[in-house]
Amino acid sequence: MMRLILTALIFVGGLANLVIGLGFLAMPYSLIGGFGLDPQGAAGLSTTRADFTAFFALSGVAMLYGGWKRSGEVLLVPAALFGIAFVGRAFSLVADGAYEGFAMPMLIEAVTTVVCLAGWRALPHDPPSSEF
């Protein structure tokens, strides 16, 4: 039963991340403010669109694939991405100080990392392929 709940959490989180990633691709202005961003000109918007789409879409696809195929190994990708994001925010918290609402993104990153690592441990791992 716990594995089913964990798989559901992974799948729901993956779907949310994929939607956020596609949102940054299609309509970045609607999401920029919620992420504390203020891109300057076309270059800033292009960077926001590319980097945030890549981060969230890749995380989302990996979580969806891992949840759907019951593949624990692929969950290391979003665990690493969100884990590194958490470390970056923690570093910024020390270096730059707190700001209003700083805890929520850190909580989301920490929970996503823990859920993906738990899925990595609980779900089967793909056998190594002999094909290259």
Side-chain angles (χ1 to χ4, degrees):
M1 183 65 163
M2 284 304 289
R3 189 159 30 161
L4 178 64
I5 293 169
L6 182 60
T7 302
L9 288 173
I10 291 166
F11 198 79
V12 168
L15 190 58
N17 284 326
L18 182 59
V19 167
I20 291 169
L22 294 176
F24 268 106
L25 181 64
M27 46 189 181
Y29 283 116
S30 66
L31 296 171
I32 286 173
F35 283 79
L37 300 172
D38 184 20
Q40 301 297 311
L45 189 58
S46 173
T47 300
T48 300
R49 185 175 263 139
D51 293 354
F52 279 79
T53 299
F55 180 92
F56 286 105
L58 176 62
S59 295
V61 168
M63 290 174 77
L64 287 170
Y65 181 84
W68 185 261
K69 294 289 190 175
R70 308 294 191 269
S71 174
E73 233 168 46
V74 74
L75 295 173
L76 290 176
V77 172
L81 288 169
F82 277 90
I84 292 168
F86 179 85
V87 169
R89 284 192 196 273
F91 184 86
S92 187
L93 183 61
V94 171
D96 308 321
Y99 57 91
E100 185 177 336
F102 79 92
M104 185 54 72
M106 291 184 78
L107 178 63
I108 291 168
E109 290 157 357
V111 167
T112 302
T113 301
V114 168
V115 165
C116 287
L117 288 176
W120 170 70
R121 293 211 25 143
L123 298 176
H125 294 230
D126 296 331
S129 175
S130 61
E131 297 176 27
F132 186 75

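Along the sequence shown, residues carry numbers from 1. Every heavy atom of this structure was used, including side-chain atoms; hydrogens, water molecules and symmetry mates were not.
Among residues at least two apart or in separate chains, there is no salt bridge (charged side-chain N to carboxylate O under 4.0 Å, His left out) pair with a member in residues 6-24. Every pair tested for salt bridge (charged side-chain N to carboxylate O under 4.0 Å, His left out) that includes a residue from residues 33-59 fails, sequence neighbours excluded, so the list is empty.
E100 is linked by a side-chain hydrogen bond (donor to acceptor under 3.5 Å, both in side chains) to nothing, counting only residues two or more places apart in sequence or in another chain. By the side chain to side chain contact (heavy atoms under 4.5 Å, CB included) test, I84 is found to be paired with no residue, residues two or more places apart in sequence or in another chain being considered. Under the rule for a salt bridge (charged side-chain N to carboxylate O under 4.0 Å, His left out), the partners of R89 that lie at least two apart in sequence or sit in another chain are E109. With sequence neighbours left out, the side chain to side chain contact (heavy atoms under 4.5 Å, CB included) criterion links L64 to F11, L15, L18. Partners of L107 according to the side chain to side chain contact (heavy atoms under 4.5 Å, CB included) rule, which considers only residues two or more places apart in sequence or in another chain, are M104, V111. When the side-chain hydrogen bond (donor to acceptor under 3.5 Å, both in side chains) test is applied to S92, the partners found at least two apart in sequence or on another chain are D96. Residues passing the side chain to side chain contact (heavy atoms under 4.5 Å, CB included) test with L6 are I10, V115, A118, A122, sequence neighbours excluded.
Annotation for S59 and N17: closest pair CB-ND2, 4.3 Å, computed over non-hydrogen atoms. The minimum heavy-atom distance between A79 and C116, with the atom names listed, is CB-CB, 3.8 Å. Nearest heavy-atom pair across R70 and L123 is O-CB, 4.0 Å. Considering every non-hydrogen atom in both L75 and A62, the closest pair reads CD2-O, 4.0 Å.
Side chain of T53 to main chain of L22: no donor-acceptor pair is present (N/O by atom type, distance under 3.5 Å, no hydrogens or angles).
Clustering of Ile, Leu, Val, Met, Phe, Trp and Tyr by side-chain heavy atoms under 4.5 Å joins L93 with F86, Y99, F102, M106. The other members of the hydrophobic cluster of I20, by chain and number, are F24, Y29, L31, I32, F35, L37, L45, F52, F55, F56, L58, V77, L81, F82 (side-chain heavy atoms under 4.5 Å, ILVMFWY only). V114 belongs to no hydrophobic cluster with other residues, because no ILVMFWY side-chain heavy atom falls under 4.5 Å from its own, directly or through intermediates.
Taken to the nearest 0.5 Å, the OG1 atom of T48 stands 10.0 Å off from the CD atom of Q40.
Neither L76 nor V61 shares a network with the other; the hydrophobic side chains, linked directly or stepwise wherever heavy atoms of I, L, V, M, F, W or Y lie under 4.5 Å apart, form separate groups for each. The hydrophobic cluster containing V12 does not contain I5, counting ILVMFWY residues as joined when their side-chain heavy atoms lie under 4.5 angstrom apart, directly or transitively.
Taking 4.5 Å as the limit, some side-chain heavy atom of M63 sits within range of a side-chain heavy atom of T112.
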